[in-house]
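Structure in structure tokens, see below.
Proteins get letters first, then strands, A, B, ... in listed order; numbering begins at 1 in each.
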Protein chains: 2
Amino acid sequence: MRIGELAERTGVSTRTLRYYESRGLLESRRAVNGYRVYGDGELRLVQQIRALQDFGFELEETRPFVDCLRAGHPAGDSCPDSLDVYRGKLAEIDALMDRLRAVRMRVEAELVRAESRRQGASVPRCELEGRT
Amino acid sequence: MRIGELAERTGVSTRTLRYYESRGLLESRRAVNGYRVYGDGELRLVQQIRALQDFGFELEETRPFVDCLRAGHPAGDSCPDSLDVYRGKLAEIDALMDRLRAVRMRVEAELVRAESRRQGASVPRCELEGRT
DNA sequence: CTAGACCTTGACGCCGACGTCAAGGCAACA
DNA sequence: TGTTGCCTTGACGTCGGCGTCAAGGTCTAG
């Protein structure tokens, strides 16, 4: 199939596919006229990339999965490097959620404080130091 | 005080202060030689901006707080517009955390699945469809 | 008088993941 | 044969929040 069909079947733009190729994530054979030609392997490869991107993975983080698939493994996460990326992402998510929880608490405390100042008379003297 | 002192006292670069000014967040009087001159009002203003940025607010989101302070209110969050930004940020954080939780679960499920495939023999037939 | 520290504006660079446009080649159909 | 639709490469634009450099003006201490 050519680039237009691959784009349509994967839901990405042709520009995106060329971009993946420029990053070394996607390879293409060429027809005699210079057109890119793809097979089903590339289709699955792009689907793998998109699935990970939907999870918030950066393109570079999908590379081990891509390499794994291209090495002939049945799934992109059949290789140790891919699993390391999974683990790193879990740690990253945990750190981000911790930070978000902390920020959320402080913002909410500020909101409550400011609201009470507008309605009620004086600011309550108690400290709003909640712990998760 | 001049820009270098304000930068040092707020912990930001002079470039950053000039950038704030270009965005209309910061104003400056000028000395006869053209140098920017700031007072304590601007100091508090920059501190307000940085405090919000540390919470992950974009510069544009700090504008209501800045306007509020410049209007003479005692705090940046003494005005309704600022409280709206607080509320919007809380909603944004909640949505992001919901999304992160979902992604986290799916990534962890993939990890467990892939790990068990590598160690144990066959993939368990059960579906890992956890609900929050 | 000069070195050095401070200040000015202007402009380009960076990151990530592409969007969009330009200028042209190739293929198929009326 | 001409039009339409696909394809090619190349290059600039986008967004946010600045970093960094260039080329110059200003002020102060020695």
Side-chain angles (χ1 to χ4, degrees), chain A residues 1-39 42-43 45-66 85 88-89 92 96 99 103, chain B residues 1-39 42-43 45-66 85 88-89 92 96 99 103:
Chain A
M1 91 194 83
R2 289 178 306 183
I3 196 169
E5 186 182 346
L6 181 58
E8 200 174 355
R9 292 175 66 180
T10 54
V12 307
S13 67
T14 60
R15 176 70 180 90
T16 295
L17 294 176
R18 279 187 274 260
Y19 178 65
Y20 289 172
E21 183 173 322
S22 80
R23 300 285 92 194
L25 287 171
L26 201 54
E27 282 176 15
S28 58
R29 284 159 294 152
R30 296 301 180 113
V32 278
N33 56 13
Y35 286 13
R36 290 174 177 82
V37 176
Y38 302 99
E42 281 75 30
L43 176 63
L45 213 142
V46 175
Q47 286 169 340
Q48 169 78 82
I49 294 174
R50 297 312 290 189
L52 293 173
Q53 278 204 315
D54 289 345
F55 283 170
F57 285 57
E58 294 178 9
L59 263 191
E60 267 314 303
E61 295 176 319
T62 72
R63 192 176 296 276
F65 297 81
V66 167
V85 175
K89 186 55 71 173
E92 193 181 313
L96 181 53
R99 169 160 171 67
V103 167
Chain B
M1 92 194 81
R2 289 178 304 184
I3 197 170
E5 188 181 345
L6 181 58
E8 200 174 355
R9 292 175 67 180
T10 54
V12 307
S13 67
T14 60
R15 176 69 179 92
T16 295
L17 294 176
R18 278 187 274 259
Y19 178 65
Y20 290 172
E21 183 174 322
S22 80
R23 301 284 91 195
L25 287 171
L26 201 53
E27 280 176 16
S28 58
R29 286 158 295 151
R30 295 301 180 113
V32 277
N33 57 13
Y35 287 11
R36 289 174 176 83
V37 176
Y38 303 99
E42 281 75 29
L43 176 63
L45 213 142
V46 175
Q47 286 168 341
Q48 170 78 84
I49 294 174
R50 295 313 288 189
L52 293 174
Q53 279 204 314
D54 288 345
F55 283 171
F57 286 57
E58 293 178 9
L59 265 190
E60 267 315 302
E61 294 176 319
T62 72
R63 193 177 296 276
F65 296 81
V66 167
V85 175
K89 186 55 69 174
E92 193 182 311
L96 182 53
R99 169 159 170 67
V103 167

| query | Rounded to whole angstrom units, what separation is found between the CG atom of B:D54 and the P atom of D:dC18? | reply | 11 Å

| message | Just the rounded figure in Å: distance from P of C:dG16 to CG of A:L52. | response | 17 Å

| Stepwise salt bridge (Lys or Arg N to Asp or Glu O under 4.0 Å) test for B:E5 and B:R2 | CA-CA 6 Å; B:E5 188 181 345; B:R2 289 178 304 184; over 6 Å; no

| message | Looking at the base of C:dT9, is there any donor atom on it, or on the side chain of B:R18, that sits under 3.5 Å from an acceptor on the other one? | response | no

| field | Side chain of A:N33 - closest among C:dC18, C:dA27, C:dA11 | value | C:dA27

| query | Under the 3.5 Å rule, do the base of D:dG19 and the side chain of B:Y19 count as making a donor-acceptor pair? | reply | no

| Between B:T16 and D:dG19, is there a side-chain N or O to OP1/OP2 distance below 4.0 Å? | yes

| note | When rounded to whole Å, the CD to C1' distance for the pair A:E5 and D:dC7 reads 14 Å

| query | B:I3 has an atom CD1; how far is it from atom C1' of C:dA5, in whole Å? | reply | 15 Å

| task | Give the C-alpha distance, both sets of side-chain angles, the deciding distance and a yes or no for salt bridge (Lys or Arg N to Asp or Glu O under 4.0 Å) between B:R23 and B:E60. | result | CA-CA 9 Å; B:R23 301 284 91 195; B:E60 267 315 302; 5.9 Å; no

| remark: Closest to the side chain of A:R15, out of D:dC18, D:dC12, D:dG25, is D:dC12

| message | Quick check for you: among D:dG19, C:dC18, C:dT9, whose closest atom lies nearest to any side-chain atom of B:S13? | response | D:dG19

| Please give, in whole Å, the distance from D:dC7 C1' to A:R29 CZ? | 17 Å

| request: State which of C:dA17, C:dC6, C:dT9 makes the closest approach to the side chain of A:E58. | output: C:dA17

| query | Rounding to a whole Å, what distance do you find between B:E21:CD and C:dT9:C1'? | reply | 12 Å

| remark: d(A:L96 CG, A:K89 NZ) to nearest 0.5 Å is 9.5 Å

| request: Kindly indicate whether the side chain of B:Y35 and the base of D:dG25 share any N or O donor-acceptor pair separated by less than 3.5 Å? | output: yes

| query | What is the distance, rounded to the nearest whole Å, between atom CZ of B:R50 and atom P of D:dG17? | reply | 10 Å

| Integer-rounded Å distance: D:dT9 C1' and A:R30 CZ | 10 Å

| field | Candidate nucleotides C:dG25, C:dA17, C:dT8, ranked by approach to the side chain of A:Q53 - the nearest | value | C:dA17

| said: Please confirm whether the shortest side-chain N or O distance from B:Y20 to OP1 or OP2 of D:dG17 is below 4.0 Å. | reply: no

| said: Using a heavy-atom cut-off of 4.0 Å across all strands, would you classify B:R36 as base, sugar-phosphate, or nothing? | reply: sugar-phosphate

| Does a donor on one side chain sit under 3.5 Å from an acceptor on the other, for A:R18 and A:S22? | no

| query | Does a salt bridge link B:R15 with B:E21, judged by any charged N lying under 4.0 Å from a carboxylate O? | reply | no

| remark: Comparing B:V32 with B:E60, nearest DNA chain D nucleotide closer to 5' gives the residue B:E60

